[in-house]
Novice: 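One structure follows; several queries about it will come next.
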Amino acid sequence: MYYTIINAKGKMAGSKPVAVTSGFEVRPSIVFDDEDRLWIAYEKAGENWGKDNGVHNFIDPEKGEGLYETRSIRVVCTDGNGFFTTRVPVEEVIPKETRYTKFYDKVRSPGLYHQSSTPNHYLNSPVLAKGDDGHILLVYKKNADETYTIKWHNCFMYYDGSSWSNPVKIGGSIGQMHEVPAITIPERGQPRVVQASDYEADNGLIKTNDLFRQNIWLSFLQVPGSIYEFDLVKIPAPVIPKYDPTLEKEVEDVETLENYRATINGKTYRILKGDSHRHTSFSGDGSHDSHIEDCYRYAFDAAKLDWVSNGDHDNGYNEYHWWLTQKYTDFYHLDGEFVSLFGYERSCGYPDGHRNVIFTRRGIRMLPRVSYNKSAHEYSSPDTRLLYAYLNQFNGLCISHTSATKTAGTDWRELNTVHEPVLEIYQGERMTAECATCPRFNDDLPWFPPNYKGLYRKVLGDGHHLGVIASSDHKSTHVSFAMVYASEFSREGIMDGLRKRHTYGATDNIILDVRMGSYMMGDVIKTDKRILKIHVVGTADIDELVVVKDGEEHVIAHDNSPEITVQWEDQDVPGDGNYYYVRVLQEDGELAWSSPIWVEM
């Protein structure tokens, strides 16, 4: 974060750093005081923001911090020659809270939860202003309670030169994370805050007959008249830190992945790493997932993704959030640099299941759910049939996730792989759907009991041509990726790769290239020679390489090195069709799964 001064002639007088650590530092607000010092307030989070964070069974909490697992604010000022802060910094005045965010534990205990019992802040969107009498005024948003609802309220405090006041909740300010308040200072008057609010959880404080939940509210604030000479403490000027050598390995791995090319039948493909299942605070259960802008900050900076699709439940359940999501999706899209797809999560109970819906074009509304008597439809689903008709109409596709759970899974009735070509074989928030004895399967997730009919090998055994990816879901970051072989770095190129199942799932920046003759993973072919060519470039030594043929695992001998190239020939060729896919397990526990190659007689 930098600042610059623009002089009276409109010229920029250079730029100076404000916050340049390896932490998360965003959304500044500025104001000048009566001594022409520039005051700056901004959000801050940890150095490992957006790194490895996921289901507690497999992720080391020391490696990463979720997108809204902690969030504080800082206030500094500069006179152009040095930086200062108040004698007691504002972040030490605002009370901290203890929250437990471990995944799916029934008991709220610090010893069991992913996050330690260390108190933290859950703040964002600071707004500065200068009072008519010289006070520095600060309004910020605070997540409303420890259960991580999607409600935020606004708080107010002021600096009188001697100290910061204690923060006070502004009445009638309950709203959502992205709704940034504004401060106005009438001449010789008390400050006022303009804020959006849906007046939920105000315990009857706001009385209204307005049928619409959202409204604009004006709050009047009182600031005591006393003002003192500012008691400021000089702090070291921000210095751009040296490059962290611990990041070099990931930077090299990402570069290797980006530069990899596969030429097959005269066409050149590259691997585009993405995530089809990112949530934000627009989802009803998305407060951990932060502002929609942070979805893209995460994609650009922390995960180094090539593409992303928003997976908010029904795009936030209303037209306004749908409209905002559509705008953000277009705003961050740039062919050849970063691709953002239009999407949302459509969550239905078993047996219809949770699916992420994806489109390449803007303006498509969410599809309502069909209410039907499931006991009268033992083998069919009117809702899934309607979904496929909708996807056919608008040229979209959907991706099932958490398929192997009874809460959000499916038994694959009505499956149409034209409109549903791949599934999430692994999800960072929960578990694998590969098989009940496969790595990272968990049959003991509270609220998500196993559904063995939804396992991947079951649907393959039923004869369906379904490929695989991996993606994240709530809270999870940097541990599950959707890898797409694409001949074009565009929305259409990624959708084409997904439709053709030229995909694999991975938990790290692993390169996986599986071919049979002149065909690649995801293809349906005819051949007399069943020779798989497997090329892996891992991020650590490869521990286990497995070919899965028709549900049977064949462990392949190989050198325990990060990069291996092997061939495996199927000597036992029956008269019927077969499928073959590859699973890679590294010594550090990271995984990759290829989409199958199907051989038909």
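Hydrogens, waters and symmetry mates are skipped; everything else that's a heavy atom, side chains included, is used.
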Novice: Nearest 0.5 Å please: distance from the CZ atom of R491 over to the NE2 atom of H333.
Specialist: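 One finds 4.0 Å between CZ of R491 and NE2 of H333.
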Novice: Report the distance from atom OG1 of T539 to atom CD of Q586, rounding to the nearest 0.5 Å.
Specialist: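 Rounded to the nearest 0.5 Å, the OG1-CD separation comes to 3.5 Å.
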Novice: Take N356 and S276, measure what side chain to side chain donor-acceptor pair (under 3.5 Å) needs, and give me the verdict at the end.
Specialist: CA-CA 7 Å; N356 288 94; S276 65; 5.2 Å; no
Novice: T507 side chain to E590 main-chain N or O, any donor-acceptor pair under 3.5 Å?
Specialist: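 Flag not set: sc T507 to bb E590 has no pair under 3.5 Å.
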Novice: Measuring from atom CG of D473 to atom NZ of K475, what distance do you get when rounded to the nearest 0.5 angstrom?
Specialist: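 Interatomic distance, D473 CG to K475 NZ, rounded to 0.5 Å: 7.5 Å.
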Novice: Establish, from distance only, whether the side-chain atoms of S290 and R297 form a donor-acceptor pair under 3.5 Å.
Specialist: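 Not at all, the side chains of S290 and R297 share no donor-acceptor pair under 3.5 Å.
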Novice: Within the distance-only criterion (no hydrogens, no angle test), does the side chain of E179 pair as donor or acceptor with the backbone N or O of Q176 below 3.5 angstrom?
Specialist: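 Looks like yes, one N/O pair under 3.5 Å.
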Novice: Apply side chain to side chain donor-acceptor pair (under 3.5 Å) to the pair T402 and Q427, showing each step before the final yes or no.
Specialist: CA-CA 7 Å; T402 330; Q427 180 191 90; 3.1 Å; yes
Novice: Nearest heavy-atom pair of F83 and P17: which atoms, and what distance?
Specialist: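 Distance-wise, the nearest heavy atoms are CZ-O, 3.3 Å.
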Novice: Going from CG on D294 to CG on N124, what distance comes out if it is rounded to the nearest 0.5 angstrom?
Specialist: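 Answer for the CG-CG pair, D294 versus N124, is 8.5 Å.
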Novice: Would you please say whether a donor-acceptor pair under 3.5 Å links the side chains of E429 and H401?
Specialist: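 The criterion, which ignores hydrogens and geometry beyond distance, is not satisfied for H401 and E429.
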Novice: Just checking Y68 against W152, ring centres under 6.0 Å apart?
Specialist: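 Under 6.0 Å, so yes.
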Novice: Inspect the contact between K304 and E258 and indicate whether a charged nitrogen and a carboxylate oxygen are less than 4.0 angstrom apart.
Specialist: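 Looking at K304 together with E258, the answer is no, because their closest N to O distance does not fall below 4.0 Å.
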Novice: When you look at I40 and L38, which way does the side chain to side chain contact (heavy atoms under 4.5 Å, CB included) test go after all the steps?
Specialist: CA-CA 7 Å; I40 307 156; L38 175 66; 4.1 Å; yes
Novice: Would you say the rings of F338 and F300 are close, in the sense that their centroids are separated by under 6.0 Å?
Specialist: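 Between F338 and F300, which both carry aromatic rings, the centre distance is below 6.0 Å.
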Novice: Is the shortest distance from a Lys or Arg side-chain nitrogen in E97 or K142 to a carboxylate oxygen in the other one below 4.0 Å?
Specialist: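 Counted as a salt bridge, because a side-chain N and a carboxylate O are separated by less than 4.0 Å.
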Novice: Would you check if I494 and I358 make a side-chain contact, meaning some heavy-atom pair closer than 4.5 Å?
Specialist: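 Result no, sub-4.5 Å side-chain heavy-atom pair not found.
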Novice: Do you know which of I183, L128, V180 makes side chain to side chain contact (heavy atoms under 4.5 Å, CB included) with V139?
Specialist: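 Answer to the side chain to side chain contact (heavy atoms under 4.5 Å, CB included) test with V139 among I183, L128, V180: I183.
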Novice: To the closest 0.5 Å, what do you measure between NE2 (H279) and OG (S472)?
Specialist: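 Answer for the NE2-OG pair, H279 versus S472, is 7.5 Å.
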Novice: Any chance you could lay out the side chain to side chain contact (heavy atoms under 4.5 Å, CB included) test for C398 and R346, step after step, and finish with the verdict?
Specialist: CA-CA 9 Å; C398 67; R346 189 171 184 271; over 6 Å; no
Novice: What's the verdict on side chain to side chain contact (heavy atoms under 4.5 Å, CB included) for L257 and D253, showing C-alpha distance, side-chain angles and the deciding distance?
Specialist: CA-CA 6 Å; L257 183 70; D253 292 339; over 6 Å; no
Novice: Can you label the angle between the H354 ring and the H313 ring as parallel, tilted or perpendicular, going by 30° and 60°?
Specialist: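 Ring orientation, 0 to 90° scale: perpendicular.
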Novice: Check whether S340 reaches the backbone of V308 with its side chain - one donor and one acceptor, N or O, closer than 3.5 Å.
Specialist: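 Between the backbone of V308 and the side chain of S340 there is no qualifying donor-acceptor contact (under 3.5 Å).
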Novice: Does any part of the side chain of Y140, heavy atoms only, come nearer than 4.5 Å to the side chain of P167, both counted from C-beta?
Specialist: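 Yes, at least one pair of side-chain atoms sits under 4.5 Å.
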Novice: On a heavy-atom basis, which atom in I170 and which in S173 lie closest, and how many Å separate them?
Specialist: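 That would be O-OG, 2.7 Å.
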Novice: Using every non-hydrogen atom in the two residues, find where P241 and V20 come nearest and quote the distance to one decimal.
Specialist: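 That would be CD-O, 2.8 Å.
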Novice: Would you say the ring centers of F331 and Y296 fall short of 6.0 Å from each other?
Specialist: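 No, ring centres 6.0 Å or more apart.
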Novice: Is the shortest distance from a Lys or Arg side-chain nitrogen in E91 or K96 to a carboxylate oxygen in the other one below 4.0 Å?
Specialist: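 The answer is no: the pair does not qualify as a salt bridge.
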Novice: Less than 4.5 Å apart, any side-chain heavy atom of H277 and any of S480?
Specialist: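 No, side chains not in contact.
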Novice: Kindly determine whether N143 and R71 satisfy side chain to side chain contact (heavy atoms under 4.5 Å, CB included), including the steps that lead there.
Specialist: CA-CA 10 Å; N143 189 251; R71 190 70 61 85; over 6 Å; no
Novice: Tell me whether the count of non-hydrogen atoms from other residues, nucleotides or ligands lying under 6.0 Å of NZ in K234 goes above 12.
Specialist: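 Not buried by this count: 12 neighbours or fewer within 6.0 Å.
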Novice: State whether the side chain of D231 and the backbone N or O of S162 hold a donor-acceptor pair below 3.5 Å, judged by distance alone.
Specialist: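 Pair absent, no side-chain N/O of D231 close to backbone of S162.
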Novice: Please determine if K130 and D36 form a salt bridge, counting it only when a charged side-chain N lies under 4.0 Å from a carboxylate O.
Specialist: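 The answer is no: the pair does not qualify as a salt bridge.
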Novice: What do the steps show when you test D52 against H478 for side chain to side chain donor-acceptor pair (under 3.5 Å), and what is the final call?
Specialist: CA-CA 5 Å; D52 291 3; H478 201 254; 2.5 Å; yes
Novice: Compare all side-chain heavy atoms of Y42 with those of V18 and state whether any distance is below 4.5 angstrom.
Specialist: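 They are in side-chain contact.
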Novice: Within a reach of under 6.0 Å around CD of E255, are more than 12 heavy atoms found that belong to other residues, nucleotides or ligands?
Specialist: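 No, because the 6.0 Å sphere around CD of E255 holds 12 heavy atoms or fewer from other groups.
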Novice: Measure the spacing between CZ of F481 and OH of Y426 and express it to the nearest 0.5 Å.
Specialist: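 Going from the CZ atom of F481 to the OH atom of Y426 covers 11.0 Å.
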Novice: Less than 4.5 Å apart, side chain to side chain, heavy atoms only: is that true for R192 and P186?
Specialist: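 Counting from C-beta outward, R192 and P186 do come under 4.5 Å.
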Novice: Okay, side chain of T4, backbone of G14: is any donor-acceptor separation there less than 3.5 Å?
Specialist: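 Answer holds: yes.
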Novice: Counting heavy atoms not belonging to Y228, are there more than 12 under 6.0 Å from its OH?
Specialist: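 Incorrect, the count does not exceed 12.
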Novice: Is a donor from one side chain sitting under 3.5 angstrom from an acceptor on the other, for S219 and Q195?
Specialist: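 Yes, Q195 and S219 have a side-chain donor paired with an acceptor closer than 3.5 Å.
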Novice: Looking only at side-chain N and O atoms, does S125 offer a donor or acceptor that is under 3.5 Å from a partner on R27?
Specialist: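 No, because no side-chain N or O of R27 sits under 3.5 Å from a partner of the opposite role on S125.
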Novice: So, for Y159 and L232, which heavy atoms are closest and what is the spacing to 0.1 Å?
Specialist: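 In terms of heavy atoms, the two residues are closest at OH-CD2, 3.9 Å.
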Novice: For N315 and G343, which heavy atoms make the closest approach, and how far apart are they?
Specialist: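 What the structure gives for the nearest pair is ND2-O, 3.0 Å.
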Novice: When you measure from the side chain of Y317 to the backbone N and O of G284, does any donor-acceptor pair fall under 3.5 Å?
Specialist: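 Side chain of Y317 to backbone of G284, a donor-acceptor pair under 3.5 Å: yes, one is there.
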Novice: So R37 and W39, do their side chains get closer than 4.5 Å, heavy atoms only?
Specialist: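 Counting from C-beta outward, W39 and R37 do come under 4.5 Å.
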Novice: Is it true that atom CD of E229 has more than 12 heavy atoms of other residues, nucleotides or ligands lying nearer than 6.0 Å?
Specialist: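 Not buried by this count: 12 neighbours or fewer within 6.0 Å.
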Novice: Under 6.0 Å between ring centres, would you say that holds for H178 and H321?
Specialist: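 Centroid distance H178-H321: below 6.0 Å, so yes.
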Novice: Of all the heavy-atom pairs spanning L272 and W307, show the shortest one and how long it is.
Specialist: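 Heavy atoms of L272 and W307 come nearest at O-NE1, 3.2 Å.
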Novice: Can you find a heavy atom in the side chain of Y344 that is under 4.5 Å from one in the side chain of D312?
Specialist: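 Counting from C-beta outward, Y344 and D312 never come under 4.5 Å.
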